[in-house]
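Remember, predicted model here, so these are calculated numbers, not experimental data. Note that these values count all heavy atoms, side chains included, but never hydrogens, waters or copies made by symmetry. Lettering follows sequence order; numbering is per chain, from 1.
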2 protein chains.
Amino acid sequence: MNLYSFILRKDDISLQKNKSEKYNKILNSAGAVFAKFGFYKATISQIAAQAGVADGTLYLYFKNKDDILYQFISFKTNVVFKEMHIAVKKGRNAEEKLRYLIRCHLTEFQNDRNMAIIFQSEVRYLRDIESQIKDISKMYLDLLSDIIEQGQIEGSMRQDLFVGLVKRFILGAVEGVISTWVSADGRYDLVSMADPLVDLYLTGLKGQ
Amino acid sequence: MNLYSFILRKDDISLQKNKSEKYNKILNSAGAVFAKFGFYKATISQIAAQAGVADGTLYLYFKNKDDILYQFISFKTNVVFKEMHIAVKKGRNAEEKLRYLIRCHLTEFQNDRNMAIIFQSEVRYLRDIESQIKDISKMYLDLLSDIIEQGQIEGSMRQDLFVGLVKRFILGAVEGVISTWVSADGRYDLVSMADPLVDLYLTGLKGQ
DNA sequence: TTAGATAATGAACCTTTATTCATTTATATT
DNA sequence: AATATAAATGAATAAAGGTTCATTATCTAA
């Protein structure tokens, strides 16, 4: 038994423990309940009932209520960021990269409305308890920084942009659009907002 | 005694009751405590202690804990929107109006950080309990709509703008910038972001 | 098949905290 | 000053709900 097999075994254990069917069931149920009632109003009993298990069972898979939210966001963040990285790679230049990123962002959130709601409203609370997800948007903002800097090198974006402001500007606007969509109960197609939105980023209200 | 004096008296009473020193003290204390701990973790005792009154006293001025948050947001919203309307009026054209609006927005939030924090994180909760503040951002969005439409008439803004998207885009971006400022513990000057931000709205990342 | 280990249960426990209200203090009136 | 009215107090109450753990069910391996 060498180090490698040890690592494998370790992964196996954590796989069995972390990705068991029940674990996922609980996590999804929690997502639904948190999204519906908000973290504080949601109760352990509600989540347990939704998952079809006893209250005590949650504590076999999670440390406490906070931990459930933390794991939920952790997990979703990983999935989404993986997708975003792939999306950005598809672009051949800064403009394309930005377009793919925004499309991906809206697609992922449209496909997982519970996540969208929770990200929108509970992330600030998490910041208090777990700084491991130190900046949930850090990675996103870094992605944006890279794109903008590339755009400046390519000459497709202005040289005088204050990158720190621009990336916040971009993220804020997407979040705003998502937030509206959530409030409207997801009644329209969110992804179709991507291109007009990127268009706004690039050419602004004035146009050329 | 005519109708007018009756109204005056009515106002006087409500002034005495609603704007008493103690009422304001409690409201401000609540703002500080809510901002620091978040609505749910904040306790009545903390707020009372901060205001230098007994726990029970809060219930002479407010219906319950929810009501304190509701009144806080209600009050701040009124003040800020009044300022915003004044600011917008100062602009002679759409572009100026937008500029004054954003400057005002950032100024007000910079001057009242507790409000900024609470608006950023607790507004969603309020939506659940009190739909009287139906759309806390509704008025703001309407202001923006008017500005954009005026800009289109003046010819300073593109005709093909989807106003519903644009206003969300603008509000989202300001909120994003404020949110970052809050996270940074207000260590830099928020208001100085106004002009670069409006610049981005108008001419975008590409520039002319 | 059966013993031993593991997983699941859910009622009881216990802490927390919003709210109440009998009592006390302050204010206004005659 | 005496009385009436209003304001404030803070200890007691009660409800909620997160967490525990003794008990039961399920699974595993020999």
Practice prompt. For B:T203 and A:R158, run side chain to side chain donor-acceptor pair (under 3.5 Å): C-alpha distance rounded to whole Å, both residues' side-chain angles, the deciding distance at 0.1 Å, then the answer.
Written response: CA-CA 10 Å; B:T203 61; A:R158 293 196 273 156; 3.3 Å; yes
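The CD1 atom of A:I44 sits 5 Å away from the P atom of D:dG18 (whole-angstrom rounding). Rounding to whole angstrom units, CZ of residue A:F37 and P of D:dG17 are separated by 11 Å. The interatomic distance linking B:I68 (CD1) with C:dT17 (P) rounds to 15 Å, in whole Å. Going from atom CZ of A:F62 over to atom P of D:dT19 covers 13 Å, rounded to whole Å. When the C1' atom of D:dG18 is taken as reference, atom CD of A:Q46 falls 13 Å away, rounded to whole Å. In this entry the distance linking CD1 of A:I47 with P of C:dG10 reads 17 Å, nearest Å. Going from atom OH of B:Y59 over to atom P of C:dA22 covers 17 Å, rounded to whole Å. Protein atom CG of A:D66 is 11 Å distant from nucleotide atom C1' of D:dG18, rounded to whole Å.
Geometrically, B:K167 does not engage B:F162 in a cation-pi contact, judged by NZ or CZ lying under 6.0 Å from the ring centre and within 45° of the ring axis. Remark: A:K65 is positioned above the aromatic ring of A:F39, its terminal NZ or CZ atom under 6.0 angstrom from the ring centre and at most 45 degrees off the axis.
B:S179 places no side-chain N or O within donor-acceptor distance of the main-chain N or O of B:E175, the cut-off being under 3.5 Å.
Closest heavy-atom contact between A:I68 and A:A30: CG2-CB, 3.4 Å.
A:F81 has its ring centre no less than 6.0 Å from the ring centre of A:H85.
Residue contacts for B:A42: at a heavy-atom cut-off of 4.0 Å it reaches the sugar-phosphate backbone alone, with no base atom in range.
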Worksheet item: What does nucleotides 6-11 of chain D look like as a protein-contact string, B for base, S for sugar-phosphate only, - for none, at under 4.0 angstrom between heavy atoms?
Response: --BBB-
